[in-house]
There are 2 protein chains.
Amino acid sequence: MAGTKIRNMEEFAKLSGISRPTVSKYFNDPDSVRASNRIRIEAALERYEYRPNIYAMNQNRKLTKNIGIVVPLLSDPYFAEIARNLEQRCIAAGYRPSLFSSHGDPVLEVQVLDTLRSLKPVGVLLAPLGRASNPKALEKFCNDVPTLIFDSSVDEIGLAFVGSDNFQFTAHITDYLCRTGEPPCFFEMKTPANPNAHRRRQSYVNAMERFGYKPDVISVGGEGWGLEEIGRLGGHEALRKGWFSTNTILCSNDRLAIGLLTACYEQGALVGRTADSTIRVAGQDGHPHSRYTCPPLTTISHDYDAVSQTAAETLFASIEGKMSPWKSTRLEGKLILRDSA
Amino acid sequence: MAGTKIRNMEEFAKLSGISRPTVSKYFNDPDSVRASNRIRIEAALERYEYRPNIYAMNQNRKLTKNIGIVVPLLSDPYFAEIARNLEQRCIAAGYRPSLFSSHGDPVLEVQVLDTLRSLKPVGVLLAPLGRASNPKALEKFCNDVPTLIFDSSVDEIGLAFVGSDNFQFTAHITDYLCRTGEPPCFFEMKTPANPNAHRRRQSYVNAMERFGYKPDVISVGGEGWGLEEIGRLGGHEALRKGWFSTNTILCSNDRLAIGLLTACYEQGALVGRTADSTIRVAGQDGHPHSRYTCPPLTTISHDYDAVSQTAAETLFASIEGKMSPWKSTRLEGKLILRDSA
DNA sequence: ACAGTTATTTAACGCGCGTAAAATTAGTCA
DNA sequence: TGACTAATTTTACGCGCGTTAAATAACTGT
């Protein structure tokens, strides 16, 4: 503001009347300098609006402040929401997050990891693609860069794993459905991209057997991340061919359920728990959109906030030297009762 | 792979038998070195897997290869999709994109711009928050960094503007609705975040008057970016109080329409164009989710690909020196007929 | 094979800041 | 006030690469 543009830290230090190394210390941790100096630096900062050159900063530093956030598919509002949450936590903790999406493509995932490497991050929060991921590339990356895996686990790689407790998810909602009506069939993809799907199917089977019912799993075809369309097409086929053995359908996830609801609508099947309804549909995930389906979708929701908080704090602790052995944290979900089941 | 880890370009140059400045040239543009040398470098690259240090690269360079992409709300699949598209185009053109979201918050938007500045990007693709944006901060940023504005325009700032032709959008779908049933009312937010909303309302009014109908605009309250909920709550109120003067409702955008559909469902109003339906609902945007509403939403869709392509190519041209005066490009949308109207 | 052009090599400087060591100063407490 | 400790200043080097200028080598067409 005050006329001259500051070119570097040297000039800024001179203008604020403080030595450059102290100013440098200040930028790396404002609390590491004496209060009187901090005040003078911040006063000068107001007047001259100088920012250290991040390239020069990071070049000759052992540890950057960068944190990479990688999600498999940013156009899925679930991941977008998690990413937003993580991003804010990183900023609040004084790190510089950068966001990446694999866009559902394993080749891109490897590419993203490669890009990330060149950023020399102190840590990475990674939600892998899952089944499609290149396991060797993932493992190699985790060996080079402190990485916390979240959402979907891949062996015991990285610093730790944080995600939802898929067994609890499915057991809980299966229990609810059994108590309130006919026991559910399970609607899923034949070859799901996300390994959580297998846990959910298994949990469904376990729960049904525990209740003394016969499990009925309907697996539909389709590849990739267009889950709504897979659910819709699979739903049409299943409805037409009478694959559903009961009037209650538990979907492996909300996006599949959204597609199934569309299929039901298109076939004139009334979904809900009212007397005139012919079918009940439930999802799993607590997808941001699930509130707005018709009827609104009964589901079991991730604890978004707890997942991101646990993931972020575990990574921060590890970065700050509070190392701990590999650990898997799985958080419970909350049942959200709406009109669909 | 071959044993030793390469520390810097000097070492890599030695191992590949080529001088460092030539290797440096190669990395800035592989085609700028003699073919024989390019082949030798690439061979060495295979064997030793060396990557230049991006911090050292960017520090002493006048122009980086960085491009910033900023969207107002990444958890909106529309913006997520546009961002994905832009990102891929940047990579294909040899740039390094980094993605940011303002998360609907004007304070964050300014913060993002500030972060972006320190990245010293050669160019930025910016979709502003709109009404909530800090216009001074935006203008200042555009003066400092070559910025192309997309999606929603803010005066004549930046290199150029690329977006959809909101007048065409609304005129086109209003025309369709008038020809196929009762003329529509217009359902919108009282204080929309996005300035495109005003164009759409205006276009609706114009179109109705052109057809000799009386326009009827229903503006509902609510702030922020939770458009589905605003549409749902506003929809409930409008339905209860009989604010809709005809059986056809054109929504200012798809997310509002999705909320309105939920309200209709919750009040037992049958939406569609069949004989037994009591109400027709149409949206605008071609939101990724609009296919899966019940009934599937009739809408007019952005030409995602054309918008991103035009935006990216305009920016690239400007970066590469092919400067041109400020220009506004507005692309037409395509009507997508589905069951809701 | 030769002159003419273009690309490469050599040598060297600088970018802006992190960081370390030694000298100095400011703050603390009795 | 003095002795002690913690913070700051001074000085200086190095990070890895961009970039330039001059010297040299490699291609081009004839």
Side-chain angles (χ1 to χ4, degrees), chain A residues 4-45 48-66 94-96 117-122, chain B residues 4-45 48-66 94-96 117-122:
Chain A
T4 47
K5 290 287 165 206
I6 285 104
R7 311 197 141 279
N8 53 37
M9 195 180 279
E10 188 88 49
E11 283 187 26
F12 177 76
K14 206 158 290 170
L15 285 170
S16 58
I18 291 180
S19 76
R20 188 177 69 76
T22 301
V23 173
S24 173
K25 273 196 77 180
Y26 169 84
F27 280 112
N28 287 322
D29 178 9
D31 290 325
S32 69
V33 304
R34 201 186 296 144
S36 61
N37 283 339
R38 182 168 56 247
I39 290 166
R40 291 172 65 190
I41 292 173
E42 276 158 5
L45 226 37
Y48 301 109
E49 70 171 52
Y50 155 79
R51 303 269 173 223
N53 179 310
I54 59 163
Y55 299 110
M57 281 182 62
N58 286 326
Q59 170 181 15
N60 199 20
R61 207 221 284 276
K62 55 207 81 195
L63 254 37
T64 68
K65 289 260 172 190
N66 300 333
Y95 296 102
R96 296 181 53 107
R117 221 187 274 268
S118 70
L119 250 40
K120 304 191 185 305
V122 276
Chain B
T4 48
K5 289 287 165 202
I6 285 107
R7 311 197 140 279
N8 54 36
M9 195 180 280
E10 189 87 48
E11 283 188 25
F12 176 76
K14 207 157 289 169
L15 284 170
S16 59
I18 292 180
S19 76
R20 189 178 67 77
T22 302
V23 173
S24 174
K25 272 196 78 182
Y26 169 84
F27 279 111
N28 287 320
D29 178 8
D31 290 324
S32 70
V33 304
R34 201 187 297 145
S36 62
N37 284 339
R38 182 168 55 247
I39 289 166
R40 290 172 66 190
I41 292 174
E42 276 159 5
L45 227 36
Y48 301 109
E49 69 171 53
Y50 156 79
R51 304 267 173 225
N53 179 311
I54 58 163
Y55 300 109
M57 281 182 63
N58 286 326
Q59 171 182 17
N60 200 18
R61 207 222 283 277
K62 56 209 80 198
L63 255 36
T64 67
K65 287 262 173 190
N66 300 334
Y95 295 101
R96 296 181 53 106
R117 221 188 274 269
S118 70
L119 251 39
K120 305 191 185 303
V122 278

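Worth saying up front: this structure is predicted, and the values here are computed from it rather than measured. Numbered from 1 within each chain, the chains take letters A, B, ... in sequence-line order.
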Exercise for review: Rounded off to whole Å, could you give me the CE-to-C1' distance for the Met57(B) and dC15(C) pair?
Suggested key: 15 Å
Revision key, fill the gap. What residues 19-36 of chain A contributes to the DNA chain D interface at heavy-atom separation below 4.0 Å is Ser19(A), Arg20(A), Pro21(A), Thr22(A), Ser32(A), Val33(A), Arg34(A)
Check your understanding: Knowing that exactly one of Asn53(A), Asn58(A), Asn60(A) qualifies, which makes a side chain to side chain contact (heavy atoms under 4.5 Å, CB included) with Tyr55(B)?
Key -> Asn58(A)
Exercise for review: Calculate, to the nearest 0.5 Å, the distance between atoms OG and CG belonging to Ser24(A) and Asp29(A) respectively.
Suggested key: 11.5 Å
Review point. Quick one: is Tyr55(B) getting a side-chain N or O under 4.0 Å of the dG18(D) phosphate, OP1 or OP2?
Key: no
Check your understanding: Starting at NZ of Lys62(B) and ending at P of dC17(D), how long is that distance when rounded to a whole Å?
Key -> 18 Å
Review point. Whole-Å distance between dG16(C) P and Ile54(B) CD1?
Key: 18 Å
Practice item. Take the protein atom CE of Met9(B) and the nucleotide atom P of dC17(D), then report the distance between them rounded to whole Å. Key: 5 Å
Exercise for review: Whole angstrom is fine here: how far is it from CG in Asn37(B) over to P in dA7(C)?
Suggested key: 12 Å
Exercise for review: For Ala13(A) and Val23(A), work out which heavy atoms get closest and say how close.
Suggested key: CB-CG2, 3.9 Å
Study note, to complete from the structure: Sequence neighbours excluded, the answer for salt bridge (charged side-chain N to carboxylate O under 4.0 Å, His left out) partners of Asp31(A) is Arg38(A)
Exercise for review: In whole angstrom, give the distance that lies between atom CZ of Arg61(B) and atom C1' of dG18(D).
Suggested key: 8 Å
Point to revise | Euclidean distance, Phe27(A) CZ relative to Met9(A) CE, rounded to 0.5 Å | key: 5.5 Å
Exercise for review: Nearest-nucleotide wise, let me know which of Gln59(B) and Ile18(B) is further upstream toward the 5' end of DNA chain C.
Suggested key: Ile18(B)
Check your understanding: So what does Phe12(A) touch, heavy atoms closer than 4.0 Å: a base, only the sugar-phosphate, or nothing?
Key -> nothing
Point to revise | Residues in salt bridge (charged side-chain N to carboxylate O under 4.0 Å, His left out) contact with Arg117(A), at least two apart in sequence or another chain | key: Asp144(A)
Review point. Counting just side-chain N and O atoms, does Lys120(B) come under 4.0 Å of either OP1 or OP2 of dC15(C)?
Key: no
Exercise for review: For Asn37(B) and Arg40(B), indicate whether the former's side chain and the latter's backbone hold a donor-acceptor pair under 3.5 Å.
Suggested key: no
Review point. Rounded to whole angstroms, how far apart are CZ on Arg51(A) and P on dC17(C)?
Key: 13 Å
Practice item. Using whole Å, report how far CG of Asn53(B) lies from P of dG16(C). Key: 17 Å
